[in-house]
Amino acid sequence: MYDIEKTYKPQSIAELLEALRETGTEGKIIAGGTDVVVKLREGALKAKALIDVSSLKDIQFVRESAGKVEIGAGTTFSDIEEHPLFEGRYRGLKEGAMEVGSPQIRNAGTMGGNICNASPAADIVPPLLALNAKAVIQSRQGLRLQTLEDFFLGKGKVDLDLGEFLYAVEFQQMTKNQGLGFQKLGPRKALAISKICTAVFIELDRDLIIRDIRIANGSLGPNSLREREVEDVLRGEKLTEELKEKARQKFKEVINHRLKGRSGVDFKEEAIRGVFKEALEKSITRALS
Ligand SMILES: Cc1cc2nc3c(=O)[nH]c(=O)nc-3n(C[C@H](O)[C@H](O)[C@H](O)COP(=O)(O)OP(=O)(O)OC[C@H]3O[C@@H](n4cnc5c(N)ncnc54)[C@H](O)[C@@H]3O)c2cc1C
């Protein structure tokens with residue numbers, strides 16, 4: 001089938017690194033295969049060797065230690081959906097995972113595949129960007145860390161050199177006054193990929209001053225993007241209905257400017273305001289609970 005001449009199924013990180021070394025530019029990692037198989041079938045991807053990491057337990061984990069949360073690249077959306085950590089203030093991550101495709105896609109599809117496929121519509125990426133997550137990249141030389149934001153080099157491109165793979169993502173543990181919200185607008189029933197999604201991380205103090213805020217959108221650029229101009233409207237201010245309206249207005253302006261000339265802008269503009277509103281409200285509720 002296709003041009004595949006050899007398949008590897010590494011059972012350890014050492015075996016994976018060896019397979020990457022052996023195959024060089026002709027090898028392709030396959031995790032859940034939900035993107036790779038489609039691309040192979042369409043001829044959009046050529047590879048002589050597949051390195052199947054779907055049973056590599058060393059990259060399937062969720063752990064908390066030393067103030068950090070780490071999620072292994074091989075963790076599936078279903079694993080994230082079912083993990084107790086992603087309730088409460090972290091629920092925005094679970095919401096991102098729950099919105100992906102169908103149960104079958106969520107059982108097979110991995111967080112690492114979603115990130116490395118680098119689609120602007122990747123649902124798990126905005127919540128991770130809002131959490132200021134870092135990509136943990138492994139090679140024979142060891143581990144290196146890269147902000148997830150800088151890991152994306154454009155549509156379909158990530159900062160992985162030959163011999164490297166995505167081991168995990170990590171981000172700071174959330175504290176009591178912080179919350180993460182996610183909202184997606186998309187034709188989910190058709191199993192299509194979302195056209196719009198937003199994630200909001202917020203930190204509030206007792207007087208409702210916004211100590212920190214990070215907003216990330218999907219499907220509104222070559223990759224998911226942080227919306228820093230909108231964050232600047234909110235950061236350091238007291239949370240009021242007027243401020244929220246000011247932020248929604250800024251959001252509309254920023255998106256309108258970015259989408260100028262693209263079809264369906266009117267629809268997107270209104271939809272994105274609503275999606276932002278929902279994600280923000282969820283983050284506030286979680287920060288206050
Ligand atoms: C019907 C259908 C519906 C879908 N709906 C959605 C949706 O609603 N939302 C959404 O976001 N996505 C959706 N997708 C896309 C897809 O399911 C996700 O992007 C998924 O997360 C890909 O993960 P995977 O494990 O299947 O990746 P794979 O297909 O195995 O790999 C994807 C890419 O990542 C690379 N890769 C994988 N793991 C690693 C690693 N550890 N290190 C380095 N590179 C790696 C592969 O080489 C490949 O380039 C849908 C797909 C289908 C077919």
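One-based numbering, in listed order, for ligands and for the atoms of each. Note: hydrogens, waters and symmetry copies are ignored here, and every other heavy atom, side chains too, is used. Not measured: the values here are computed from a predicted model.
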Examine Ile29 against ligand 1 and note whether any of their N/O atoms are separated by less than 3.5 Å. yes
Less than 3.5 Å between some nitrogen or oxygen of Val36 and one of ligand 1, yes or no? yes
Tell me, yes or no, whether the heavy-atom count around Gln172 atom CD, taken from other residues, nucleotides or ligands under 6.0 Å, exceeds 12. no
Would a distance-only check, ignoring hydrogens and angles, find a side-chain to backbone donor-acceptor pair under 3.5 Å from Glu26 to Thr23? no
Counting heavy atoms only, which part of Ala121 comes closer than 4.0 Å to ligand 1: side chain, backbone, both or neither? backbone
Using a strict cut-off of 4.0 Å, indicate which atoms of ligand 1 neighbour a heavy atom of Thr34. 16 (C), 17 (O), 18 (C), 20 (C), 22 (C), 23 (O), 24 (P), 26 (O), 29 (O), 53 (C)
Sequence neighbours excluded, the answer for side chain to side chain donor-acceptor pair (under 3.5 Å) partners of Asp79 is Thr76
Identify, by atom number and element, the atoms of ligand 1 in contact range of Gly33, meaning under 4.0 Å from any of its heavy atoms. 24 (P), 26 (O), 28 (P), 29 (O), 30 (O)
Within one Ile-Leu-Val-Met-Phe-Trp-Tyr cluster: Val275 and Ile255, side-chain cutoff 4.5 Å: yes
Please check whether Phe165 reaches ligand 1 - meaning an N/O of the residue sits under 3.5 Å from an N/O of the ligand, judged on distance alone. no
State plainly whether one hydrophobic cluster holds both Ile124 and Phe182, where clusters connect Ile, Leu, Val, Met, Phe, Trp and Tyr through side-chain heavy atoms under 4.5 angstrom apart. no
Determine whether the side chain, the backbone, both or neither of Ala73 has a heavy atom under 4.0 Å from any heavy atom of ligand 1. side chain
Just checking, any donor-acceptor pair under 3.5 angstrom between side chains of Lys134 and Gln146? no
Where on Met111 is there a heavy atom closer than 4.0 Å to ligand 1, on the side chain, on the backbone, on both, or on neither? neither
In this structure, would Val37 and Ile4 fall into the same cluster of hydrophobic residues linked by side-chain contacts under 4.5 Å? yes
Quick note on ligand 1: atoms under 4.0 Å from a heavy atom of Ile30 include exactly 30 (O)
Any N/O of Gly101 closer than 3.5 Å to an N/O of ligand 1? yes
Co-members of Leu20 in a cluster of I, L, V, M, F, W and Y side chains, linked at under 4.5 Å: Tyr8, Ile13, Leu16, Leu17, Ile29, Ile51, Val53, Leu56, Ile59, Phe61, Val136, Leu143, Leu145, Phe165, Tyr167
For atom 12 (N) of ligand 1, which candidate among Asn114, Ile124, Asp123, Ile137 provides the closest heavy atom? Asn114
Ligand 1 atoms in contact with Ala122 (distance to a heavy atom under 4.0 Å): 11 (O)
Answer with yes or no whether Glu164 contacts ligand 1, where contact means a heavy atom under 4.0 Å from a ligand atom. no
Per-residue contact class, Ile105 against ligand 1 - non-hydrogen pairs under 4.0 Å: side chain
Is any side-chain N of the basic residue among Glu18 and Arg140 closer than 4.0 Å to the acidic one's carboxylate O? yes
Using a 4.0 Å heavy-atom cut-off, say whether Tyr167 meets ligand 1 through its side chain, its backbone, both or neither. neither
Just one of Arg258, Arg235, Arg248 clears the salt bridge (charged side-chain N to carboxylate O under 4.0 Å, His left out) bar with Glu227, so which one? Arg258
Give the atom numbers and elements of ligand 1 that come within less than 4.0 Å of a heavy atom of Phe77. 20 (C), 21 (O)
Got a donor-acceptor contact below 3.5 angstrom from the Arg214 side chain to the Ala130 backbone? yes
Any heavy atom of Lys184 under 4.0 Å from ligand 1? The part involved is side chain
Are any of the N/O atoms on Leu166, whether in the backbone or the side chain, positioned under 3.5 angstrom from an N/O atom of ligand 1? yes
Asn117: numbered ligand 1 atoms lying under 4.0 Å from its heavy atoms: 33 (C), 34 (O)
Can an N or O of Gly32 be found at a distance shorter than 3.5 Å from an N or O of ligand 1? yes
Where ligand 1 meets Glu99 - atom numbers and elements under 4.0 angstrom, heavy-atom basis: 8 (O)
At under 4.0 Å between heavy atoms, what of Leu160 touches ligand 1? The answer is side chain
Quiz question: by atom type and distance under 3.5 Å, do the side chains of Ser119 and Asn117 form a donor-acceptor pair? no
Check the side chains of Glu64 and Gln173 for a donor-acceptor pair under 3.5 angstrom, ignoring hydrogens and angles. yes
